[in-house]
Amino acid sequence: MILLTGGAGYIGSHVCIALLDAGFDVVAIDNLCNSNRASLDRVEAICGRAPVFRHVDIRDEEAVFEVLRACGVTAVIHLAGLKAVGESSADPMTYYDNNVVGTMRLVSAMKRAKVKTLVFSSSATVYGMPTYLPLDERHPLAPTNPYGRTKLIVEEMLKDLYRSEDDWRIGILRYFNPAGAHESGLVGEDPIGVPNNLVPLVAQVAIGRRAKLRIWGNDYDTPDGTGIRDFIHVVDLAAGHLSVLRHLEQPGVFTVNLGTGSGSSVLEVVRAFETASGRSIPYEIADRRTGDVAICCADPSFAQRTLDWKSARSLAQMCADHWHWQLKNPDGYRDI
Ligand code: NAD
Ligand code: UD1
């Protein structure tokens, strides 16, 4: 039995599908602060069987311990956390509490339950401003905002944990830019409020929920002047977690990028989404967003070598699947 924290969220619901499809049993815990329980009903519709769900906050150590014990959990995939960069600057203590204290309580419950296999969702944001590209796992770490610092603190904490008890098996995953949705159109990203990230914003413009996209700068040192990111299909990202679980058969701690190695500019995303949706995406050019970098792109070769995993889906597929989800669920999970 695998415990999935943040299992009702965007990436969590896709990881849940990957696990169930691979034959694992799953217990998902989530406090639903940024998600909807309905996502897991959709997972059941896709997989033909359901994960167990417990409405639990990861900071509630006793409740987490009880789930670990009662469900016979053997490994934890830890995605629960807060992820909005701007909000993390406005309210950093809430981010340290959820992301750092939450992980400390989770680890403490795992120690008591003698569950010592942990996969942690970190982020490429820990690299900060690239000093060279593409970003490999040895690139210096210098996050530029409190959200990124919570991820880096947890990474360091987990490495210290392994140094102190070398029977832990820990995988630290640095995600690049997840986008897209399950091909069924039944699960996808359902941001509460105004999305922070590019692809959900583009999708909401295409469906008519927003009048236009604001492109944060077209004067970067890139071929078309707009920022370049490594967008990775969320289904490929979810599959990466299975490879990581297989790799964790031996004790150790390892850190790996999950990206594609190929970047797309904001304008390329807009064009790909127009093609996928058959709709036009009105946009205007605005000032650069504070903290943005011109290019952020993964070197995914370590993942390919060690995990035998690489992303398979294209930007066109990502946009088509995201659009399928958006079209079927114009108001996300709230319309059911
Ligand atoms: P999400 O908000 O959709 O999912 C996170 C889930 O965690 C939500 O369901 C939320 O309700 C839950 N949660 C938050 N705090 C909790 C708590 N204290 N106890 C229990 N549940 C809690 O976000 P996502 O995009 O699916 O991200 C999953 C993980 O991946 C996060 O840790 C995030 O930082 C990381 N990540 C995401 C991205 C991205 O672009 N989506 C990129 C890099 C890393
Ligand atoms: C952002 C976060 C990063 C986080 C990542 C994934 C910042 C500064 N960084 O990164 O910490 O790990 O999301 O959650 O917030 N864009 C527009 N208009 C928009 C939205 C985005 O032009 O309305 C552009 C951005 O300027 C950028 C690209 O689209 O060039 C991608 O933006 P976004 O989806 O926010 O991802 P990141 O910038 O990589």
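Side chains are part of it too, since the values below use all heavy atoms of this structure and drop only hydrogens, waters and symmetry mates. Indexing begins at 1, ligand by ligand and atom by atom, following the structure's order.
- Among Lys159, Lys114, Lys116, the single residue meeting the salt bridge (Lys or Arg N to Asp or Glu O under 4.0 Å) criterion with Glu165 is Lys116.
- Two residues are said to be in side-chain contact when any heavy atoms from C-beta on lie closer than 4.5 Å; Ile228 and Pro223 meet this criterion.
- Looking only at protein heavy atoms, the nearest one to atom 19 (C) of ligand 2 is Trp216 NE1, 3.0 Å.
- Applying the 4.0 Å criterion to heavy atoms of Arg214 picks out, from ligand 2, the atoms 17 (C), 18 (N), 19 (C), 22 (O), 23 (O).
- Listed by atom number, the atoms of ligand 2 under 4.0 Å from Asn177 heavy atoms are 36 (O), 37 (P), 39 (O).
- For ligand 2, the atoms sitting less than 4.0 Å from at least one non-hydrogen atom of Gly227 are 30 (O), numbered in the order shown with element in parentheses.
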Next item on the list: Go through Arg305 and Glu137 one step at a time and tell me if the salt bridge (Lys or Arg N to Asp or Glu O under 4.0 Å) criterion holds.
Entry: CA-CA 13 Å; Arg305 278 198 314 277; Glu137 290 82 355; over 6 Å; no

Next item on the list: Show your working on ring-ring contact (aromatic ring centres under 6.0 Å, His included) between Tyr283 and Trp216 and close with a plain yes or no.
Entry: CA-CA 10 Å; Tyr283 65 82; Trp216 307 123; over 10 Å; no

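- Residue Ser123 has at least one heavy-atom neighbour below 4.0 Å for each of these atoms of ligand 2: 12 (O).
- Atom 11 (O) of ligand 2 has as its closest protein heavy atom Thr125 OG1, 2.8 Å.
- The protein heavy-atom contact nearest to atom 35 (O) of ligand 2 is Arg289 NH2, 2.8 Å.
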Notebook entry, point to check: Should Arg49 and Asp25 be marked as a salt bridge (Lys or Arg N to Asp or Glu O under 4.0 Å) after you check the CA-CA gap, both sets of side-chain angles, and the distance that decides it?
Noted result: CA-CA 9 Å; Arg49 64 195 185 103; Asp25 293 320; 2.9 Å; yes

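- Both the backbone and the side chain of Leu198 come within contact range of ligand 2, each with a heavy atom under 4.0 Å.
- Contact check on Glu66 versus Arg54 returns no salt bridge, with no Lys/Arg side-chain nitrogen under 4.0 Å from an Asp/Glu carboxylate oxygen.
- In the hydrophobic clustering (ILVMFWY side chains linked at under 4.5 Å, chained through shared members), Ile192 stands by itself.
- Inter-residue side-chain proximity for Phe176 and Leu237 is flagged as unmet; no heavy-atom pair is nearer than 4.5 Å.
- A distance-only check finds no donor-acceptor pair linking the side chain of Glu189 to the backbone of Tyr10 [under 3.5 Å].
- Of all protein heavy atoms, the one lying nearest to atom 25 (C) of ligand 2 is Asp292 OD2, 3.5 Å.
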Dump all N/O pairs between ligand 1 and the protein below 3.5 Å as a table: atom names plus distance, one pair per row.
from, atom 1, to, atom 2, distance (Å)
ligand 1, 2 (O), Asn34, ND2, 2.7
ligand 1, 3 (O), Tyr10, N, 2.9
ligand 1, 9 (O), Gly9, N, 3.4
ligand 1, 9 (O), Asp30, OD1, 3.2
ligand 1, 9 (O), Asp30, OD2, 2.6
ligand 1, 9 (O), Ser35, OG, 2.7
ligand 1, 11 (O), Asp30, OD1, 2.7
ligand 1, 11 (O), Cys33, N, 3.1
ligand 1, 11 (O), Asn34, N, 3.0
ligand 1, 11 (O), Ser35, OG, 3.3
ligand 1, 13 (N), Asn31, OD1, 3.4
ligand 1, 15 (N), Asn98, OD1, 2.9
ligand 1, 18 (N), Asp57, OD1, 3.1
ligand 1, 18 (N), Asn98, OD1, 2.7
ligand 1, 19 (N), Ile58, N, 3.0
ligand 1, 21 (N), Asn31, N, 3.1
ligand 1, 21 (N), Asn31, OD1, 3.3
ligand 1, 23 (O), Lys83, NZ, 3.4
ligand 1, 25 (O), Lys83, NZ, 2.8
ligand 1, 26 (O), Tyr10, N, 3.4
ligand 1, 26 (O), Ile11, N, 2.8
ligand 1, 32 (O), Leu79, O, 2.8
ligand 1, 32 (O), Lys151, NZ, 2.9
ligand 1, 34 (O), Tyr147, OH, 2.7
ligand 1, 34 (O), Lys151, NZ, 3.1

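- Of all protein heavy atoms, the one lying nearest to atom 13 (O) of ligand 2 is Asn197 ND2, 3.0 Å.
- Going from atom NE2 of His14 over to atom NE2 of His241 covers 12.0 Å, rounded to the nearest 0.5 Å.
- By the 4.0 Å heavy-atom criterion, Cys296 is excluded from the residues contacting ligand 2.
- Annotation: side chain of Asp230 is not in contact with side chain of Cys296 (no heavy-atom distance under 4.5 Å).
- The pair Asp57-Arg105 fails the salt-bridge criterion, with no side-chain N (NZ, NE, NH1 or NH2) lying under 4.0 Å from an Asp/Glu carboxylate O.
- Ligand-side atoms of ligand 2 in range of Leu201: 19 (C), 20 (C), 23 (O), range being under 4.0 angstrom from any heavy atom.
- In this structure, Glu183 places its CD atom where only 12 or fewer heavy-atom neighbours from other residues, nucleotides or ligands lie under 6.0 Å away.
- Counting the atoms of ligand 2 from 1 in the order shown, those under 4.0 Å from a heavy atom of Asn196 are 35 (O).
- Neither the backbone nor the side chain of Val269 comes within 4.0 Å of ligand 2, counting heavy atoms alone.
- Between Tyr127 and Asn257, the side chains place a donor N or O and an acceptor N or O closer than 3.5 Å (distance only, hydrogens not considered).
- At the shortest separation from atom 9 (N) of ligand 2 among protein heavy atoms lies Val85 CG2, 3.8 Å.
- Atom 37 (P) of ligand 2 has as its closest protein heavy atom Arg229 NE, 3.4 Å.
- In terms of protein heavy-atom proximity, atom 29 (O) of ligand 2 is closest to Val266 CG2, 3.4 Å.
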